[in-house]
Amino acid sequence: MELYKIRKIRTSIVKLRALFLVKIAKRLRTLDSKDAFEVTVSHNLKGLYHCNDRIKLLIDPLSCIEKLDKNSKILIIGPRNEHDLYLLASQGFPMKNILGLDLISYSSKIKLGDMHQIPFEENAFDAIIFGWTLSYSATPKKAIQEIIRVVKPGGLVAIGVEYTSMTKEDSEALIGYSIQEHELLEKRINSTQQIIDLFENQAGHIYFNHDAPMKRSHSAKSIVKNVSNVAVILEVKK
Ligand SMILES: C[S@@+](CC[C@H](N)C(=O)[O-])C[C@H]1O[C@@H](n2cnc3c(N)ncnc32)[C@H](O)[C@@H]1O
């Protein structure tokens, strides 16, 4: 598990396993969700082998909270591939207690399923990590209700989204299409307070509140290095 901290080793394992399981074992499966934006699966398949370290913004502070230990059961929603799982394991959480959930899966460690209808019973997890996935939901409130259902009372939820000041037209100019169908959303989730508000009176103690302090956003013209991120870790009251 210590070796997974080394990026070259970690990403090599993830990519080799993904290549084998997708190309040779033919294990790739996808699922549609009526609550997800239309391009969700096709857009994310393009980055299937991409290993992004941004989830550390959630995993590093989460792993310091003494409510969790190596027996904690942790669900990662929207990992896309196994990279988020290996990063969490590098912090001392055994792989056997970590599970992913995604509309895309090639791995037995990632259950194929929809975050708006999570295929687990209530109070099943000590913590849920939900990184850079909420923005694919046309009904974020429904996804949060499901998360509240499957996390244990007093359990932890860690949520991250990219900060953006881009409009639909800016996204179309930059990548040719917009991931979000803006007409379906009241407002894009872009701040820690908006995330906390989704939990209503079930938001307990806030352990981590990182409200994109630098406010760096991609624009119609360019992808910025070090884009800002919004991240919250909170306890769920039940
Ligand atoms: C941008 S990736 C995030 C990957 C990784 N967590 C990271 O932070 O880099 C978003 C992932 O969420 C998944 N996703 C989107 N909508 C979902 C849904 N309704 N249920 C489950 N997974 C979903 C996508 O398939 C994709 O794998």
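Keep in mind that what you see is a predicted model, and the values were worked out from it rather than measured. Atoms within a ligand are numbered from 1 in the order they appear, just like the ligands themselves.
- In the vicinity of Asp114, heavy-atom distances shorter than 4.0 Å reach the ligand 1 atoms 18 (C), 19 (N), 20 (N).
- Of all atoms in ligand 1, numbered sequentially from 1 with element shown, those under 4.0 Å from a heavy atom of His116 are 19 (N).
- Phe120 is not connected to Ile98 by any chain of hydrophobic side-chain contacts under 4.5 Å among Ile, Leu, Val, Met, Phe, Trp and Tyr, and they are in different clusters.
- An N or O contact shorter than 3.5 Å links Gly131 to ligand 1 by distance.
- For the pair Arg10 and Asp53, the salt-bridge criterion is met [side-chain N within less than 4.0 Å of a carboxylate O].
- Met115 N, 2.9 Å is the protein heavy atom nearest to atom 20 (N) of ligand 1.
- Atom numbering of ligand 1 starts at 1 in the shown order; those under 4.0 Å from a heavy atom of Ile104 are 25 (O).
- Considering backbone and side-chain N/O atoms, Trp132 never comes within less than 3.5 Å of an N/O atom of ligand 1.
- A donor atom on one side chain and an acceptor atom on the other are not found under 3.5 Å apart for His83 and Asn81.
- Ion pairing of Lys168 with Glu172 is present here, as a side-chain N (NZ or NE/NH1/NH2) and a carboxylate O approach within less than 4.0 Å.
- Of all atoms in ligand 1, numbered sequentially from 1 with element shown, those under 4.0 Å from a heavy atom of Asn44 are 1 (C), 2 (S), 10 (C), 24 (C), 26 (C).
- Ser217 places no side-chain N or O within 3.5 Å of a backbone atom of Thr164 that could act as its donor or acceptor partner.
- For atom 5 (C) of ligand 1, the closest non-hydrogen atom on the protein side is Asp84 OD2, 3.4 Å.
- Distance alone, capped at 3.5 Å, places no donor-acceptor pair between the Ser90 side chain and the Lys5 backbone.
- Checked for salt-bridge contact, Asp126 and Lys73 miss the test: no charged N lies under 4.0 Å from a carboxylate O.
- Under the 4.5 Å side-chain criterion, counting only non-hydrogen atoms from C-beta, Leu103 is not in contact with Asp32.
- For atom 3 (C) of ligand 1, the nearest non-hydrogen atom from the set Ser135, Ser105, Gly78, Gly100 comes from Gly78.
- Neither the backbone nor the side chain of His83 has any atom closer than 4.0 Å to an atom of ligand 1 (non-hydrogen atoms only).
- Note on ligand 1: Gly113 sits in its first shell, one or more heavy atoms being nearer than 4.0 Å.
- Considering both main-chain and side-chain atoms, Ile55 never comes within under 3.5 Å of ligand 1 through any nitrogen or oxygen pair.
- A donor-acceptor distance shorter than 3.5 angstrom exists from the side chain of Asp170 to the backbone of Thr167, with no hydrogens or angles considered.
- The nearest protein atom to atom 8 (O) of ligand 1, hydrogens excluded, is given as Arg54 NE, 3.2 Å; this is a heavy-atom distance.
- With hydrogens and angles disregarded, no donor-acceptor distance shorter than 3.5 Å links the side chain of Ser222 to the backbone of Val224.
- Atom numbering of ligand 1 starts at 1 in the shown order; those under 4.0 Å from a heavy atom of Asn52 are 9 (O).
- Using a 4.0 Å cut-off to heavy atoms of Thr40, the atoms of ligand 1 that qualify are 15 (C), 16 (N).
- Ligand 1 has Asp102 within reach: a non-hydrogen atom of the residue lies less than 4.0 Å from it.
- Contact annotation: for Pro79 versus ligand 1, heavy atoms closer than 4.0 Å belong to the backbone alone.
- At a heavy-atom distance under 4.0 Å, atoms from both the backbone and the side chain of Leu103 approach ligand 1.
- Side-chain rings of His43 and Phe37 stay apart, their centers remaining 6.0 Å or farther from each other.
- Remark: ligand 1 and Tyr136 share no N or O pair separated by less than 3.5 Å (distance only, no angle test).
- Checking only distances, Thr133 does come within under 3.5 Å of ligand 1, N or O to N or O.
- Taking the six-membered ring where the residue is Trp, Phe208 and His210 present parallel rings, their angle staying beneath 30° rather than reaching 60°.
- Residue Gln202 holds its CD atom at 12.5 Å from CG of Leu198, rounded to the nearest 0.5 Å.
- Contact between Val41 and ligand 1 is absent, with no heavy atom of the residue lying under 4.0 Å from the ligand.
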